[in-house]
Chemist: 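One structure is given below, represented as structure tokens, and several questions about it will come after.
Residue numbers start from 1 in every chain, and the chains themselves are labelled A, B, ... in the order their sequence lines are given, proteins ahead of strands. Worth saying up front: this structure is predicted, and the values here are computed from it rather than measured.
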Number of protein chains: 2
Amino acid sequence: MSIKQVAKIAGVSIATVSRYLNSPEHVREKTRRKVQEAILQTGYAPNALARNFRRGRTSLVVVILPSVGDPFFAGVMRGIWRVAREEGYSILIRETQFNTLEFDEYSDIVFSKQADGIILLASTSPFMKEGNGKLGKNGGHKGEKLPPIVIGCETVAPQLSHYPSVRVDNESAAAEATRHLIRLGHRRIGFISGLHTSLLTRGREQGYRQAMTEAGLEVADNWIAEGRQTIEGARGAVHYLLAQSPRPTAIFCANDEMAMGAMHELRRAGLRIPEDISVLGFDDIRYAEVLDPPLTTVAQPAEEIGEHTMQRLCRAIGGDDIGGEPEIVPHRLVIRESTGAPPAD
Amino acid sequence: MSIKQVAKIAGVSIATVSRYLNSPEHVREKTRRKVQEAILQTGYAPNALARNFRRGRTSLVVVILPSVGDPFFAGVMRGIWRVAREEGYSILIRETQFNTLEFDEYSDIVFSKQADGIILLASTSPFMKEGNGKLGKNGGHKGEKLPPIVIGCETVAPQLSHYPSVRVDNESAAAEATRHLIRLGHRRIGFISGLHTSLLTRGREQGYRQAMTEAGLEVADNWIAEGRQTIEGARGAVHYLLAQSPRPTAIFCANDEMAMGAMHELRRAGLRIPEDISVLGFDDIRYAEVLDPPLTTVAQPAEEIGEHTMQRLCRAIGGDDIGGEPEIVPHRLVIRESTGAPPAD
DNA sequence: TTGTAAGCGTTATCAC
DNA sequence: GTGATAACGCTTACAA
């Protein structure tokens, strides 16, 4: 009833009010003033609900991520927001924590018009049933188009392999980081990965293995410890690694958060970093450089990842075919003081 | 057109399909099956846009906060999400960074039906013009109701003082923390606050001053340093404090993030913590205990704050009068190893 | 228990 | 430039 009231007060038709709102240049100066006056008088605010309904779009984008707590994602989000603001989107965040979401749950968000598109940041569970209904591999929701989805940061489940993504080359990056440790003289290098149900760190583990193999070094099974990608998870993993014999002289953690937990646990065990054992992280979150010692880690351009992901999504929503290839953004090994030569032994 | 198609295929009216969706118990078993079959066949998903429009509500709540990066807010968000899920709301996040938003910009979110309610986490700028239009102190958007807004975490601008909030007693908490330092023997205690444009840390500074005064200690102007509530901000502040003479033997930081920056800068200056100088934080983010040394800080029940805030908002949206009093949740001083006796001097 | 039909606030397509 | 008016997809009296 609201545009109607404004129209009545201004003495024009509702069409004119609508025009005033959406393309004022098509309204005569004099009329414009009348409408403006009426709007001020009534305190009218256009009903976004009705507008979106009519237009058939929500102007909402859902971002799905494992945990907002991670400062790395905060960086990615910032990039997403920047583009979202420019493009007129609001961002809805869904945290998966550690539970498994079916892919259909994502796509339904779009088909039921809760959002115009979806960004998947990092791990999705690989436990999605193949071809169960709405999104087979050549996809389509009973004939409708594929939902606009772009993946940020990480390698993904096979079902998602046809969707575009923006990320660093995790494998190369991890290999490069591992080589840094090897160059320092380490031979026994441990790796703390995420849970095996998470894809977040899969590529990183691959890179680690590759660098080890290529250097002719053994990758003992008991040098790879698995844990939740949390401080607690890393603690448990370190506990496990320290119990091995011989134990690693360096630990590569699949992300910085885990590196922080690892460093703490190592200190509690009475070890000095890097004199007794080296620690390496991944992400270069803002805390990495203020740790004691500052953490050697692989930097990802978080904001850039966010921006590009969102930009690509916008194009997909706009109907462009954005292809399915991953866009690889550059990483950078940041050498600080948590890595050094192994102890004389 | 969609419910229509389903209705046609099922051989019933659209009203029946709608009923099946919203109150299946009012549909005869046999009919129910027909509808279900049709829905499966078509892959129909109700159009949330149309539904919300019709119902006049968005099922969205906007959370406005200075920065998602802060792990403390991540905890609060978790609490908000838990309740939101139960109550059927999705959460839209708006990051203010460091810019000043007008209050009208918030309230318009509700009046233009972009969301059903608003949660304001921590600082809002105090620079909002008084009584400029839509929301005077006895408020109302040209006669409409006050928008449902609940404030989480912090003391607020005078214009918002009539809105309900959920938070710890910052003043008492900060006073208690300061007394801990005094008890350890410190007399010269510095305070690193947020920017003066931010209300985030106002109450905490009050508490600090109160405890100092009450102990008969001087609060020198040059022992209070101001900076952005970031690692960088804290570094600058420490730099300033260390240049004072005599300089403080302990530094109370208005939050843990700043404490992390402070610790790093102190170490760079060659000072040992706590032997040479003590550091105290606020929030007890999850990183606090893995720092070296682990950080003494004031713990806030982040998730609980989030839950209660959201619960209260839900009631407000439901039309209940939830009053304007703040709900105070308990804080707890967590003593770790970053605080100790002052140096003999 | 089911169907008919009004209406939610916009935008878009026409004529004028 | 402006004004009628028909959608958009759904919920909900009210009638049958």
Chemist: Before accepting this row, confirm whether a basic side-chain N of the pair A:E95/B:R78 lies closer than 4.0 Å to the acidic partner's carboxylate O.
Modeler: yes

Chemist: Find the distance A:K34:NZ to D:dG1:P and express it as a whole number of Å.
Modeler: 14 Å

Chemist: Distance check: side-chain N/O of B:R54 vs OP1/OP2 of D:dT12, anything under 4.0 Å?
Modeler: no

Chemist: Could you check whether A:F53 and the base of D:dC8 form a stacked pair, meaning centres closer than 5.5 Å and planes differing by less than 30°?
Modeler: yes

Chemist: Rounding to an integer number of Å, can you tell me how far B:L21 CG sits from D:dC10 C1'?
Modeler: 10 Å

Chemist: What's the CZ-P distance between A:R57 and C:dT11, to the nearest Å?
Modeler: 13 Å

Chemist: What is the distance from CZ of B:R32 to C1' of C:dT1, rounded to the nearest Å?
Modeler: 12 Å

Chemist: For B:R167, is there an ion pair with B:E327 - N to carboxylate O distance below 4.0 angstrom?
Modeler: no

Chemist: Could you tell me how far apart A:I3 (CD1) and D:dA4 (C1') are, to the nearest whole angstrom?
Modeler: 14 Å

Chemist: Write down the distance between CD1 (A:I14) and C1' (D:dT5), rounded to a whole number of angstrom.
Modeler: 8 Å

Chemist: Does B:N22 put a side-chain nitrogen or oxygen below 4.0 Å from OP1 or OP2 of D:dT11?
Modeler: yes

Chemist: If the cut-off is 4.0 Å, is B:R51 near the phosphate of D:dT11, judged by side-chain N/O to OP1 or OP2?
Modeler: yes

Chemist: Within the structure, does a side-chain N or O atom of A:Y20 lie under 4.0 Å from either OP1 or OP2 of C:dT10?
Modeler: no

Chemist: Return the 5'-most residue of the pair B:E25, A:P46 with respect to DNA chain C, ranking by each residue's nearest nucleotide.
Modeler: B:E25

Chemist: Between A:S18 and C:dT11, does any side-chain N or O lie under 4.0 Å from OP1 or OP2?
Modeler: yes

Chemist: Judged by each residue's nearest nucleotide on DNA chain C, which is more toward the 5′ side, B:A50 or B:A15?
Modeler: B:A15

Chemist: Could you tell me how far apart A:Q5 (CD) and C:dG9 (P) are, to the nearest whole angstrom?
Modeler: 9 Å

Chemist: Under 4.0 Å between a Lys/Arg side-chain N and an Asp/Glu carboxylate O for A:E37 and A:R33?
Modeler: no

Chemist: Looking only at the side chains, is there a donor atom on one of B:S23 and B:E25 sitting less than 3.5 Å from an acceptor on the other?
Modeler: no

Chemist: Grab the NE2-P distance between B:H26 and D:dC14 for me, whole Å please.
Modeler: 16 Å

Chemist: Using only side-chain N and O atoms of A:R55, determine if any of them is under 4.0 Å from OP1 or OP2 of C:dT11.
Modeler: yes

Chemist: OP1 or OP2 of C:dG3 versus the side-chain N and O atoms of B:T16: is any pair under 4.0 Å?
Modeler: yes

Chemist: Say whether A:T58 and A:D116, considering side chains only, have a donor N or O and an acceptor N or O under 3.5 Å apart.
Modeler: yes

Chemist: Which nucleotide wins on minimum distance to the side chain of A:R19, given the candidates C:dT13, C:dT1, C:dT10?
Modeler: C:dT13

